[in-house]
Amino acid sequence: MSEVGDVLAQLDERKPRLVLNVEGHALPVTNLDKVLWPAAEGSSPLTKRDLLRYMTRVSPWLLPHLAGRPLFVTRYPDGINGKSFYQKHWDEPPDFARNISIYSSHKEGDGDYLICGNLATLLWLSQMAGLELHPWFSRIDPQPDAKGKGRKFSGSEATLDKSVLNFPDFVVVDLDPYEYSGREGKGEEPELHRRAFNRTRDLALRLRELLTGLGLQTFVKTSGRTGLHLYLPILRKFDYDAARGIAETIGRYALQQWPGEVTLEWSVERRTGKIFFDYNQNSRGKSLAAIFSPRRNALGTVSMPVAWEQLEEIYPTDFTLRTAPDLLEERGDPWAEILSAKQDLAQLLEERTA
DNA sequence: GAATATA
DNA sequence: TATATTCAACGCCTG
DNA sequence: CAGGCG
Ligand SMILES: [Mn+2]
Ligand SMILES: [Mn+2]
């Protein structure tokens with residue numbers, strides 16, 4: 001039996017706690033019937049067992065996207081309505097998990113970061129109620145496009161600066177609609193609604209047209225909450241600062257082209273009515289919710305990749321812990337080849353400035 | 001959620 | 001054995 | 001340096 005089928009069969013045993021055998025590793029899992037996503041309008045509750053099943057089923061598509069990337073999580077031990085917190089470092093991760101030492105400017109010293117390279121690590125994070133996965137945009141493997149870059153990440157800022165971890169695989173754009181439905185409580189973030197999502201979708205389609213015109217291939221996914229994530233895969237010739245500069249340039253162009261739709265404002269209140277073009281995540285140690293990551297959303301939505309041709313037919317709530325695995329098995333992952341579609345921005349800039 | 005301390 | 005307490009991030013920008 | 005922000 002496949003590893004996925006084997007773990008799913010073990011999870012069918014209706015005990016509240018089990019010791020899973022995952023690829024030969026013993027993994028204790030507890031509180032399997034604890035509700036992490038309470039029942040909402042039109043949806044039954046989702047438990048920790050449901051989370052483990054979901055992660056197991058999507059793992060064949062998810063793990064390749066996490067390979068070699070430092071990963072942190074948002075933990076919700078008491079469910080999505082309970083207290084949550086980020087966790088980047090683990091004292092003593094299980095022996096099947098990989099930990100690497102990376103310099104941190106904040107700490108002025110080294111810290112250990114987790115890299116998730118197997119199903120056991122993924123399910124251990126679920127047991128820790130690490131629902132939301134946040135992988136870096138850079139990774140430790142220099143193959144195939146960063147062969148000369150350093151592979152030592154600790155000791156000093158200078159060492160990390162010149163290492164492969166300072167060179168992201170993507171320029172990313174986070175599109176967050178700040179059009180409010182009017183039903184939000186005071187001080188709350190805008191909730192998902194049709195008009196705001198449709199505007200965000202239309203902006204994404206225009207951005208795609210712009211980038212296609214420059215000969216660039218872009219990938220799109222739902223964030224799992226209200227907006228969209230655009231990823232532009234690049235050869236690792238530019239560091240994070242340069243990637244951020246490119247995203248900012250695209251953002252300034254978009255603001256000038258569509259001033260009624262786009263905002264680059266850092267102040268939340270000044271974003272009202274517009275779509276926040278967030279280029280600020282192009283930074284070492286920052287992240288967006290991973291592809292296929294569950295989110296803090298009443299319906300149990302996940303971040304789902306979408307083919308551009310399908311973007312006008314979808315809505316973020318189409319993709320949940322319940323629905324995404326079947327869809328993935330039917331249609332496959334539109335992002336599967338993203339690392340084979342890396343583009344030479346250095347050459348493009350050279351051509352266009354020449 | 002887990003480790004630790006205390007009754 | 002049961003309960004209480006503590007802990008779990010950080011990079012960048014602006015004033 | 002503190003506070004805002006994601
Ligand atoms: Mn977003
Ligand atoms: Mn954002």
Side-chain angles (χ1 to χ4, degrees), chain A residues 16-19 27-36 47-49 51-52 70-80 82-94 97 99 102-114 121 123-138 153 157 160-161 165-166 168 172-178 187-190 223-229 239-245 247-248 251 263-272 275-290 293 295-296 303:
Chain A
R17 59 195 303 155
L18 298 167
V19 179
L27 176 67
V29 288
T30 60
N31 293 322
L32 290 173
D33 300 310
K34 182 166 181 174
V35 171
L36 298 181
T47 63
K48 197 151 112 188
R49 191 188 312 269
L51 173 67
L52 288 159
L71 177 77
F72 56 99
V73 296
T74 317
R75 294 179 57 192
Y76 296 84
D78 295 310
I80 61 163
K83 188 168 288 180
S84 69
F85 52 93
Y86 284 92
Q87 188 151 358
K88 300 194 170 187
H89 312 295
W90 304 85
D91 274 348
E92 285 177 6
N99 230 355
I102 302 176
Y103 180 84
S104 148
S105 54
H106 178 79
K107 282 198 290 193
E108 297 189 359
D110 299 337
D112 286 339
Y113 277 76
L114 189 75
T121 305
L123 297 184
W124 169 67
L125 288 170
S126 295
Q127 163 59 19
M128 294 298 125
L131 307 188
E132 291 186 339
L133 308 176
H134 298 269
W136 285 26
F137 304 121
S138 52
F153 314 114
E157 180 112 61
L160 182 54
D161 277 346
L165 274 185
N166 201 36
V172 300
V173 175
D174 175 21
L175 297 179
D176 292 328
Y178 276 80
E188 273 179 30
E189 295 163 22
S223 71
R225 303 199 67 198
T226 61
L228 294 169
H229 295 160
D239 63 12
Y240 273 105
D241 283 349
R244 182 188 157 94
E248 179 177 354
T263 176
L264 305 178
E265 284 291 346
W266 194 238
S267 148
V268 167
E269 67 171 27
R270 287 196 200 154
R271 295 174 189 164
T272 303
I275 298 154
F276 179 43
F277 183 114
D278 185 2
Y279 57 82
N280 299 293
Q281 301 307 319
N282 294 284
S283 185
R284 190 173 67 214
K286 294 204 177 183
S287 181
L288 294 172
S293 174
R295 303 304 309 274
R296 184 188 85 232
S303 177

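Given the structure is predicted, the values throughout are model-derived calculations rather than measurements. In the text below, chain A, chain B and the rest are named by the order of the sequence lines, each starting its count at 1.
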Listed by chain and number, what are the side chain to side chain contact (heavy atoms under 4.5 Å, CB included) partners of [X], not counting sequence neighbours?
X         : value
Lys107(A) : His89(A), Ser104(A)
Val29(A)  : Leu18(A), Leu20(A), Leu27(A), Leu32(A), Leu52(A), Gln127(A)
Thr272(A) : Tyr180(A)

Going by side-chain hydrogen bond (donor to acceptor under 3.5 Å, both in side chains), name the residues that satisfy it together with [X], two or more places apart in sequence or in a different chain.
X         : answer
Asn99(A)  : none
Glu189(A) : none
Lys286(A) : none
Thr121(A) : Asn118(A)

Can you give me the first and the last nucleotide of DNA chain B (5' to 3') that has an atom within less than 4.0 angstrom of a non-hydrogen atom in chain A?
dG1(B) to dA2(B)
Whether Asn282(A) side chain and Val172(A) backbone form a donor-acceptor pair below 3.5 Å:
yes
Reckon Ser283(A) has a side-chain N or O less than 4.0 Å from the OP1 or OP2 of dC12(C)?
yes
Between dC12(C) atom P and Asp239(A) atom CG, what is the distance in whole Å?
11 Å
Nucleotide by nucleotide, 5' to 3', does protein get under 4.0 Å of the base (B), only the sugar-phosphate (S), or neither (-) in nucleotides 4-10 of chain C, counting heavy atoms?
----BBS
